[in-house]
Amino acid sequence: MERPAPSEVTGSDVSVPDPQLAVTMGFTGFGKKARTFDLEAMFEQTRRTAVERSRKTLEAREKEEEMNREKELRRQNEDIEPTSSGSNVARDCSKSSSRDTSSSESEESSNSSDDELIGPPLPLKMVEEPVNRMEEDILGPLPPPLGEEVEEDDDDDGDSEEEENPVQKIPDSHEITLKHGTKTVSALGLDPSGARLVTGGYDYDVKFWDFAGMDASFKAFRSLQPCECHQIKSLQYSNTGDMILVVSGSSQAKVIDRDGFEVMECIKGDQYIVDMANTKGHTAMLHTGSWHPKIKGEFMTCSNDATVRTWDVENPKKQKNVFKPRTMQGKKVIPTTCTYSRDGNLIAAACQNGSIQIWDRNLTVHPKFHYKQAHDPGTDTSCVAFSYDGNVLASRGGDDTLKLWDIRQFNKPLFSASGLPTMFPMTDCCFSPDDKLIVTGTSVQRGCGSGKLVFFERRTFQRVYEIDITDASVVRCLWHPKLNQIMVGTGNGLAKVYYDPNKSQRGAKLCVVKTQRKAKQAETLTQDYIITPHALPMFREPRQRSTRKQLEKDRLDPLKSHKPEPPVAGPGRGGRVGTHGGTLSSYIVKNIALDKTDDSNPREAILRHAKAAEDNPYWVSPAYSKTQPKTMFAQVESDDEETKNEPEWKKRKI
């Protein structure tokens with residue numbers, strides 16, 4: 001049986017309103033917790049109730065039968081007269097002896113009622129009949145035999161052994177692969193219900209995956225670039241699941257809704273102000289962000305401007321509070337990661353000088369805990385995560401280590417594990433839902449092995465299990481408590497989901513069982529078609545035919561299926577100009593002077609309109625009618641007359 005989460009209430013508990021939960025959901029009157037029922041426990045309780053009821057019925061019937069027997073014996077004794085005093089004395093002795101034996105045997109076994117009879121023993125038939133009646137009147141199922149009880153005890157011992165070994169609870173028997181892109185998947189987010197997964201990467205894309213809507217093709221239903229040309233560094237769903245915090249390489253964090261539409265964008269601060277507490281927002285690149293686990297609409301970001309700021313969705317123009325990490329000498333230090341505690345009262349940040357600083361959420365001046373050499377100085381601590389009980393903090397350092405801290409005694413690490421190479425500033429670590437394991441990923445050079453997902457036991461910090469993910473680095477890891485599934489983001493653009501059909505719930509199990517849909521080439525009908533078989537011919541619509549058949553007919557038509565001419569290579573031919581050249585002259589030649597095959601006579605084309613111009617002068621003749629003399633054309637002489645009129649010296653030359 002699965003252990004209920006801390007926020008769940010079993011069927012036997014009394015639902016008590018939680019004021020913090022009402023504040024989180026944003027409206028009053030909310031706080032009655034849902035009741036969850038364990039079916040196996042209910043069936044076991046029903047079986048025990050039935051057995052108890054049957055036992056009570058048997059005892060009541062035994063008492064009634066004993067009373068009836070005593071009445072019959074008394075009647076028989078009254079009818080029979082005593083023959084002698086000796087016989088009476090013997091009878092009394094037999095009665096006393098029978099009473100003594102019956103009392104001793106009743107102490108040994110309460111089910112035997114024959115020894116308590118008074119008087120002479122009854123015949124066998126009278127003794128056996130009530131026993132058969134009692135067996136026939138049993139209500140409910142009979143209790144199991146002793147052998148089955150022993151088997152159940154053995155099963156319980158096996159379950160206890162499984163509970164003691166947390167490795168057997170790792171859901172890694174099956175996996176699915178989601179193709180995000182070709183670059184590193186640097187952000188993963190899963191909503192509280194486990195219905196949707198969101199991934200972000202170095203390719204600036206954010207993709208949405210719906211487990212209930214996907215089929216075996218595993219395709220995202222939406223892809224967008226909320227931060228344009230900035231790499232996505234962190235994605236996280238709010239505690240209500242209706243908003244997503246997007247942290248990129250820019251100085252402004254964004255909040256989008258479940259469908260990818262922008263809800264708010266944080267304001268950018270003034271980079272020329274020295275005191276970063278006096279600006280309204282971040283002035284340098286962001287690193288990561290986190291939602292408040294209890295208060296709706298509050299989130300936190302950390303940046304290269306050496307500040308950690310808390311925000312409210314309703315007020316994007318200014319932050320709520322500013323936390324300024326400092327070294328022991330009071331100098332600025334850049335936080336590389338930050339997170340809230342499970343109850344939301346503490347804020348933890350890891351800095352570039354290797355320190356881990358923890359503030360009270362309501363006190364922004366001095367940190368409550370400060371450990372100055374948690375990791376090597378100059379390395380980027382990529383993740384800090386609180387356990388579910390809120391007492392332990394895990395830190396994933398850029399010095400290839402994973403350390404465990406007790407915030408109640410924050411003076412030295414509880415455990416430390418080395419040999420965990422990391423090459424990304426957002427390598428994750430997280431706790432298992434039962435708080436018994438800690439998970440992190442390792443990085444590898446390209447072509448130098450495979451990235452692994454490593455599991456450590458929290459109690460002893462032994463390296464108990466590891467999974468070979470792919471031939472690239474493991475950047476992000478996320479273990480969802482409700483689904484009991486592990487999501488992993490890799491350096492080659494893949495997002496993998498590990499699950500177990502018996503131990504996991506919903507999630508990847510919903511889309512694996514669906515067959516891949518076939519791609520439709522065209523819709524069956526182009527428009528709605530109303531079938532009216534009894535309409536008059538003049539009102540009857542033509543029968544609608546499918547687009548597929550029409551496409552097949554068009555394919556057979558030589559005109560409609562004519563192959564388009566390829567582009568002209570070279571200077572051009574057949575009246576077509578080559579595609580090369582981007583000057584104005586080439587454009588004019590291509591669009592205006594394309595057709596040079598006009599063989600018509602230009603004189604005939606002009607004289608075609610001569611008669612109409614003479615009959616109806618409109619343009620030239622009216623303008624010069626008053627200033628020009630009347631046109632007089634000389635008569636054309638023949639060739640013979642020309643030769644006669646020529647002078648003598650020309651004739652002699654000829």
Side-chain angles (χ1 to χ4, degrees), residues 1-5 38-40 155-180 185 188-191 193-197 199 209-219 388 420 428-442 444 449-459 462-516:
M1 294 189 295
E2 297 181 356
R3 186 183 66 181
D38 192 346
L39 297 179
E40 295 182 358
D155 294 340
D156 294 340
D157 295 337
D159 295 340
S160 62
E161 292 178 359
E162 290 182 0
E163 290 179 358
E164 292 176 358
N165 189 4
V167 178
Q168 297 182 0
K169 295 184 178 181
I170 299 175
D172 65 332
S173 61
H174 296 68
E175 66 172 297
I176 64 172
T177 302
L178 307 177
K179 181 69 175 177
H180 174 84
V185 177
L188 282 177
L190 197 61
D191 67 342
S193 63
R196 285 188 178 182
L197 174 70
T199 59
W209 314 79
D210 190 353
F211 290 118
M214 278 195 304
D215 56 7
S217 61
F218 306 131
K219 292 182 180 180
Y388 285 93
L420 303 171
D428 252 342
C429 66
C430 63
F431 286 84
S432 62
D434 57 0
D435 257 355
K436 294 182 179 180
L437 296 174
I438 304 170
V439 191
T440 188
T442 61
V444 293
S450 60
K452 297 180 180 180
L453 197 66
V454 186
F455 296 81
F456 292 89
E457 189 176 2
R458 173 183 167 180
R459 184 170 53 86
Q462 296 293 326
R463 193 167 179 167
V464 294
Y465 195 70
E466 61 183 24
I467 304 173
D468 290 337
I469 303 299
T470 182
D471 57 351
S473 302
V474 176
V475 182
R476 290 286 187 178
C477 60
L478 191 153
W479 196 335
H480 197 271
K482 288 187 178 180
L483 301 184
N484 194 23
Q485 298 179 13
I486 303 174
M487 284 70 181
V488 180
T490 64
N492 56 355
L494 302 179
K496 291 196 172 186
V497 181
Y498 289 85
Y499 68 98
D500 191 309
N502 300 323
K503 303 172 186 176
S504 303
Q505 305 292 331
R506 302 188 304 276
K509 294 170 62 178
L510 300 177
C511 56
V512 171
V513 297
K514 295 182 181 179
T515 58
Q516 186 173 353

Can you tell me if S473 uses its side chain to pair, donor with acceptor, with the backbone of G451 under 3.5 Å? no

Donor-acceptor pair, distance only, cut-off 3.5 Å: does the side chain of K496 make one with the backbone of E175? no

Under 4.5 Å between any side-chain heavy atoms of R506 and L483, yes or no? yes

Please step through side chain to side chain contact (heavy atoms under 4.5 Å, CB included) for the pair I467 and V488, ending with a clear verdict. CA-CA 11 Å; I467 304 173; V488 180; over 6 Å; no

Is there a donor-acceptor pair closer than 3.5 Å between any side-chain N or O of H480 and the backbone N or O of D191? yes

Quick one: do F211 and L197 satisfy side chain to side chain contact (heavy atoms under 4.5 Å, CB included)? Show the steps, please. CA-CA 8 Å; F211 290 118; L197 174 70; 4.1 Å; yes

Taking Y465 as the fixed residue, which of D172, L453, V439 is the one that meets the side chain to side chain contact (heavy atoms under 4.5 Å, CB included) rule? D172

Rounded at 0.5 Å granularity, tell me how far CE in M487 sits from CH2 in W209. 12.5 Å

Atom pair OG1/CZ of T440 and F456 - distance to nearest 0.5 Å: 7.5 Å

Exam field: side chain K179 to backbone F218, donor-acceptor pair closer than 3.5 Å: no

Quick one: pull up SG in C477 and CD1 in I486 and give me the separation to the nearest 0.5 Å. 8.5 Å

V185 vs R476, side chain to side chain contact (heavy atoms under 4.5 Å, CB included): CA-CA, chis, key distance, verdict: CA-CA 8 Å; V185 177; R476 290 286 187 178; 5.7 Å; no

Just how far is it from atom CD of E457 to atom CD1 of I438, taken to the nearest 0.5 Å? 10.0 Å

Should I176 and V512 be marked as a side chain to side chain contact (heavy atoms under 4.5 Å, CB included) after you check the CA-CA gap, both sets of side-chain angles, and the distance that decides it? CA-CA 8 Å; I176 64 172; V512 171; 3.6 Å; yes

Neighbour count above 12 (heavy atom, 6.0 Å) for K219 NZ: no

Give a yes or no on whether the backbone of L188 and the side-chain of T199 come within a donor-acceptor separation of less than 3.5 Å. no

